[in-house]
Amino acid sequence: MAESSASGESSSSKSLMWMMIAFFAGLSVLLGGGIFLASRISKVAGISASMSKDTRRSPGGSFRMEKENAVGPGLPLYPGASLIVPGESAALEAMENSKKGIEVVNYHSRDTRDSVDGWYAKHLGGEFQRHDAGEKPLPEVFQNVPVSESDIAFMAERGVQVRIVALSLDAGGTKIALIKYDKPAAP
């Protein structure tokens, strides 16, 4: 009798082992299938696994991911400034600018231009040069970007990329334009 009891325990332990192997194999297949499906969906949606990219593309359109302290073209945003949502004509202008390699994001602050100017003078890096309103002659780059003679502008050039913060007087405060411009390659 002892033999039949030992063989019964052996048989049940073998079947328990096979059930555990089948369970973990099934769980692995299910997990692998889920990961495969998620990767396929992310590729279709155009979502990159890399966090260094700031634009996400989906069938519904492109979305720009921005950090709170570096908004728009990678420039600091004056505290309390509000985004100016472009209308239809401004959206068309933005599309034309995009074809030229110009990215512009506009904000409005209720503060005076002098206080906004002082804040940017302290918070922009040493590579930025300040250009006063009415300065003559204006840098050649300003002919290609939406900066007027009456604007105070901070500009930094690094290779073909130009970054500009333009401050203009606006009704009830200051308009802040954050601009990134990629100069065309020399022929």
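Bear in mind the structure is a predicted one, so any value in this text is a computation, not a measurement.
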_Please determine whether the number of non-hydrogen atoms from other residues, nucleotides or ligands lying under 6.0 Å from atom CE of M20 exceeds 12._
no

_Measuring from atom OG of S109 to atom NZ of K175, what distance do you get when rounded to the nearest 0.5 angstrom?_
14.0 Å

*Could you tell me whether Q161 atom CD has more than 12 heavy atoms of other residues or ligands within 6.0 Å of it?*
yes

*How far apart are the C-alpha atoms of Y181 and I164, what are their side-chain angles, what is the distance that settles it, and do they pass the side-chain contact (heavy atoms from CB on, under 4.5 Å) test?*
CA-CA 8 Å; Y181 172 58; I164 301 170; 5.6 Å; no

*Just by distance, with hydrogens left out, do S15 and S12 show a side-chain donor and acceptor under 3.5 Å apart?*
no

*With sequence neighbours left out, what residues match E127 under side chain to side chain donor-acceptor pair (under 3.5 Å)?*
R158, R163

*Test side chain to side chain donor-acceptor pair (under 3.5 Å) applied to E157 - qualifying residues, sequence neighbours left out*: K183

_Treating S115 as the side-chain partner and D111 as the backbone partner, does any N or O pair qualify as donor plus acceptor under 3.5 Å?_
no

_As an exercise, state the distance from CD1 of I176 to CD1 of I84, rounded to the nearest 0.5 Å._
8.5 Å

*Counting only N and O atoms by type, is there a donor-acceptor contact under 3.5 Å from the side chain of S168 to the main-chain atoms of D151?*
no

*Dump the intermediate steps for side-chain contact (heavy atoms from CB on, under 4.5 Å) on V147 and I179, then the final yes or no.*
CA-CA 9 Å; V147 176; I179 304 166; 3.8 Å; yes

*For R113 and L167, work out which heavy atoms get closest and say how close.*
NH1-O, 3.3 Å

*Going through the checks in order, is the side-chain contact (heavy atoms from CB on, under 4.5 Å) test met by L77 and Y107?*
CA-CA 9 Å; L77 178 60; Y107 294 89; 3.6 Å; yes

_Pairwise ring pair (Phe, Tyr, Trp, His ring centres under 6.0 Å) hits with a residue in residues 113-133, at least two apart_ = Y78-W119, W119-H123, H131-F142

*Nearest-0.5 Å distance, CG of residue L124 to CG of residue L75*: 7.0 Å

*If two hydrophobic side chains count as joined below 4.5 Å and joins carry through other members, does L169 share a cluster with F154?*
no

*To the nearest 0.5 Å, what is the distance between CG (D117) and OG1 (T174)?*
9.5 Å

